S.K.: 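Attaching a single structure in structure tokens format; questions to follow.
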There are 2 protein chains.
Amino acid sequence: MMPEKVTIADVARRASVSRQTVSNVLNSPGLVREETRERVRQAVEELGYRVNQAARRMRTGRSRLLAVRIEQTQDGMNVFDRFLHGLTESAAKAGYRVILYTADDDRSEIATFDDLLGAYEPDAFVLTSTHYGDVRTSWLAERELAFVTFGRPWGMPEGGAHPWVDVDGAAGTATATRHLLDAGHRLIGFIGWPEGSGVGDDRRSGWARALEDAGPLPRTKLEDAGVLERRTDGSAAEGEAAARELIAAGATALVCVSDSVALGALQAGPVPVIGFDDTPVAAAIGLTSLSQPLSDAAARCVRVLTRLLEDDSPDKPDHVLLEPSLVIRRTA
Amino acid sequence: MMPEKVTIADVARRASVSRQTVSNVLNSPGLVREETRERVRQAVEELGYRVNQAARRMRTGRSRLLAVRIEQTQDGMNVFDRFLHGLTESAAKAGYRVILYTADDDRSEIATFDDLLGAYEPDAFVLTSTHYGDVRTSWLAERELAFVTFGRPWGMPEGGAHPWVDVDGAAGTATATRHLLDAGHRLIGFIGWPEGSGVGDDRRSGWARALEDAGPLPRTKLEDAGVLERRTDGSAAEGEAAARELIAAGATALVCVSDSVALGALQAGPVPVIGFDDTPVAAAIGLTSLSQPLSDAAARCVRVLTRLLEDDSPDKPDHVLLEPSLVIRRTA
DNA sequence: TACCTCTATTTGAACGTTCAAACCATTAGA
DNA sequence: TCTAATGGTTTGAACGTTCAAATAGAGGTA
């Protein structure tokens, strides 16, 4: 029993109206008389009609597809899959579907844009992992294609010219640092990533700000807070080494740029440690961590795009900054 | 500068041939004279032509889309995102794209099948998380729709009637158990899931088999190996409790059904522990674990589907069983 | 010469939808 | 009574592709 295809013409026949009237009921119900509308709706229901997106797309140029790159699982402790799940769910609610692609670097990603646009004409792209000198955004912007980035346009003139959604990393680490300050700690170390990564620098800045706000450090201990900071490649191994150094230097608590380095830091000794991203690892080992509101972020991405695609496009691009929340567990 | 659309007619004009000839060069090159073929190929190149999938689909009914459900991140320590990445990559190589959907249970997933088929007509579905009494497969099979499952059809008459790809969990736990036997252990415990989950029972059986093959247990210790087994809900907490009991009962090493319970088991004492799935957690904490060949599995799924869709369909459905590999780290 | 076969290419139609324009009543205004 | 405007509906065409059938040309055979 192959599922027989139901077309708009079948519905029209059933409801004794023309194709166009059915189309209107679906797309501009206001144009159709109440009574007719109801009759058509019933016919749609009875026949289980669903609009054929391929045909619609031919006529309108709209595919109702959002293209997203699926990330390489580098060290695997990433957070992207939760974002993607949220995105798929929110998109579906708005009548869109998510189509995936892979790419190794910006250049090949741009080539894939071209490919996808030719073949599937996605209505918009959702970009992740924004970074300094991101050429993807300018490529898309030049062609006036719709997109949002999950992540701020690091290094762009204030705010950036395109819509984005992001999580305020600095606010997160500031909260974490204050949490430790409240517990009586003053010499709070930070284990970060190499300078130059937008996300890393942002997370670092929250820690620095919170410490500054807490007033000068006790003179007797250390004259320079800078010594309470270490940069790592993000691995647990370097996290552990960094933690040992910081503890030796007098740190009594640690804020980390990621759960991965936090996990390493935990091996260095019984010092309070706070991670970032609230990955499964954090939950499993009881690591206090900062949780990104990922499904919320995904929903906002979809909203930004639907506004862009459907409503009269806003004069100013949407910029959404969400706050992470501290999930307190055993380690701090 | 909007990207101007290039249609098959543009290419035809450029190469001074008809639309159909261009189409033939792309789809049945054998029909076209060498010289013409080359001329058309060049025109395609120069204009950057890409076939419009919507138009093609209208005519052929083929969308070149594979639909996959994106899993809920339950405890988060799953492995699905790596599979999905591999699937996207392999699909792209074969000229397909992956389209995502979500669903909470089998019923709603079937409803989504219907939706997707009406709107996007995916050429095939890739199902994951197969289980006893899986109604999704029969729904698809009844309608003669193409699909593969990543996971065997548990509880179906030998082998199942539809194509599948899976990883041999029993072989994995057997390898793990032998690894511990080789290290001199005899009283090796198993921490599993509740009976009735296909995957869980399968993984358990490998452990049981390997122990059996090693000959009877030392009489003096325990008369019944059954005592060396515990079932849990899969959480780290229950894993830890189970491990304590097993160690108290004399176990000197533990094989676990998942990294999650293995992580718990590690807290119970300094006993060799082997997990399953080689999740990021395992890598981060140095847990020896069984690694599923996920990108290979994904590639096989794509191959099974392309055979089904493009070649003369095989008389017997493809069944592929892959071996996991033991990744040896600190814990065993 | 007439007829057939084979290869290479072209032509017309169709897939299912929506846009744009046309049509038809009905009501309102002069 | 005629014209104009309004609301509701229908009709024809078009999106870009491929299928099926048609055509043209070259070669072979009787």
Side-chain angles (χ1 to χ4, degrees), chain A residues 2-41 43-44 47-65 95 117-121 123 309-310, chain B residues 2-41 43-44 47-65 95 116-121 123 310:
Chain A
M2 280 292 285
E4 62 304 330
K5 286 192 193 178
V6 182
T7 78
I8 209 170
D10 299 324
V11 177
R13 210 168 307 124
R14 175 89 160 218
S16 315
V17 294
S18 67
R19 300 184 317 273
Q20 185 60 37
T21 299
V22 178
S23 177
N24 285 338
V25 170
L26 268 43
N27 302 309
S28 326
L31 296 179
V32 183
R33 188 156 48 105
E34 167 76 39
E35 185 194 314
T36 319
R37 203 189 309 155
E38 210 36 63
R39 191 150 35 95
V40 171
R41 287 236 166 92
V44 166
L47 297 175
Y49 169 77
R50 284 183 176 81
V51 64
N52 179 318
Q53 292 290 352
R56 166 179 284 179
R57 177 176 143 204
M58 285 224 61
R59 192 71 252 254
T60 63
R62 283 279 151 89
S63 62
R64 301 202 78 89
L65 288 174
L117 287 166
Y120 294 94
E121 296 179 80
D123 289 344
L309 294 169
E310 295 169 13
Chain B
M2 280 291 285
E4 61 306 329
K5 285 193 193 176
V6 182
T7 78
I8 208 170
D10 299 324
V11 177
R13 211 168 306 124
R14 175 88 159 218
S16 313
V17 294
S18 68
R19 299 183 318 273
Q20 186 59 38
T21 297
V22 177
S23 177
N24 285 337
V25 170
L26 269 44
N27 301 309
S28 326
L31 294 179
V32 183
R33 187 155 48 104
E34 168 76 38
E35 184 194 315
T36 320
R37 203 188 308 154
E38 211 34 63
R39 192 150 36 95
V40 171
R41 288 235 167 91
V44 165
L47 296 174
Y49 169 77
R50 284 184 175 82
V51 64
N52 180 319
Q53 292 291 351
R56 165 179 284 180
R57 176 176 144 205
M58 286 223 60
R59 193 70 253 255
T60 63
R62 283 278 150 88
S63 62
R64 302 202 78 87
L65 288 174
L116 278 169
L117 287 166
Y120 294 94
E121 296 179 78
D123 289 342
E310 294 169 14

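Just so it is clear: chains get the letters A, B, ... in the order the sequence lines come, proteins before strands, and each one is counted from 1. What you see is a predicted model, and the numbers here were worked out from it, not measured in a lab.
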S.K.: What residues, two or more places apart in sequence or in another chain, satisfy side-chain contact (heavy atoms from CB on, under 4.5 Å) together with Arg14(A)?
M.R.: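 By the side-chain contact (heavy atoms from CB on, under 4.5 Å) rule, Arg14(A) matches Ala43(A), Glu46(A), Leu47(A).
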
S.K.: What residues form a side-chain contact (heavy atoms from CB on, under 4.5 Å) with Thr60(A), not counting sequence neighbours?
M.R.: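 Only Arg56(A), Arg62(A) meet the side-chain contact (heavy atoms from CB on, under 4.5 Å) criterion with Thr60(A).
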
S.K.: Heavy atoms only, 4.0 Å cut-off, all strands: where does Arg19(A) land among base, sugar-phosphate and nothing?
M.R.: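 Here Arg19(A) touches the bases of the nucleic acid.
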
S.K.: Tell me the bend of the helix from dT1(C)-dA30(D) to dA30(C)-dT1(D) as the angle between end helix axes, each from five pairs, rounded to the nearest 10 degrees.
M.R.: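 One end axis against the other gives 70°.
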
S.K.: By side-chain contact (heavy atoms from CB on, under 4.5 Å), which residues pair with Arg59(B), not counting sequence neighbours?
M.R.: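 Arg59(B): no side-chain contact (heavy atoms from CB on, under 4.5 Å) contacts found.
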
S.K.: Side chain to side chain donor-acceptor pair (under 3.5 Å) with Ser23(B): which residues, sequence neighbours excluded?
M.R.: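 With sequence neighbours excluded, Ser23(B) shows a side chain to side chain donor-acceptor pair (under 3.5 Å) to Asn27(B), given in chain and number order.
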
S.K.: Mind checking side chain to side chain donor-acceptor pair (under 3.5 Å) for Arg37(B) and listing every partner two or more places apart, or none if nothing turns up?
M.R.: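 Partners of Arg37(B) by the side chain to side chain donor-acceptor pair (under 3.5 Å) criterion come out as none, since no residue qualifies.
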
S.K.: Just wondering, do Leu65(B) and Gln53(B) contact through their side chains at under 4.5 Å, heavy atoms?
M.R.: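 No; the side chains remain at least 4.5 Å from each other.
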
S.K.: Quick one: list whatever passes side chain to side chain donor-acceptor pair (under 3.5 Å) with Arg64(B), sequence neighbours left out.
M.R.: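 Residues passing side chain to side chain donor-acceptor pair (under 3.5 Å) with Arg64(B): Glu310(B).
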
S.K.: What pairs with Asn24(A) under side-chain contact (heavy atoms from CB on, under 4.5 Å), at least two apart in sequence or on another chain?
M.R.: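 Applying side-chain contact (heavy atoms from CB on, under 4.5 Å) to Asn24(A) gives Gln20(A), Leu31(A), Val32(A).
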
S.K.: Between Leu309(A) and Asp123(A), which heavy-atom pair has the shortest distance, and what is it?
M.R.: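 Result for this residue pair: CD2-O, 3.6 Å.
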
S.K.: For Arg39(B), what residues pass the salt bridge (charged side-chain N to carboxylate O under 4.0 Å, His left out) criterion, not counting sequence neighbours?
M.R.: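 Residues passing salt bridge (charged side-chain N to carboxylate O under 4.0 Å, His left out) with Arg39(B): none at all.
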
S.K.: Which atoms of nucleotides 20-27 of chain C (N or O only) lie under 3.5 Å from a protein N or O atom, and what are those distances?
M.R.:
none

S.K.: Under 4.0 Å from any heavy atom of chain B: name the first and the last nucleotide of DNA chain D that qualifies, 5' to 3'.
M.R.: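 So the contact region on DNA chain D extends dG16(D) to dA20(D).
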
S.K.: Short of 4.0 Å, heavy atom to strand atom, which residues of residues 22-39 of chain B count as contacting DNA chain D?
M.R.: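 Those residues whose heavy atoms fall under 4.0 Å from DNA chain D, taken from residues 22-39 of chain B in numerical order, are Ser23(B), Asn27(B).
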
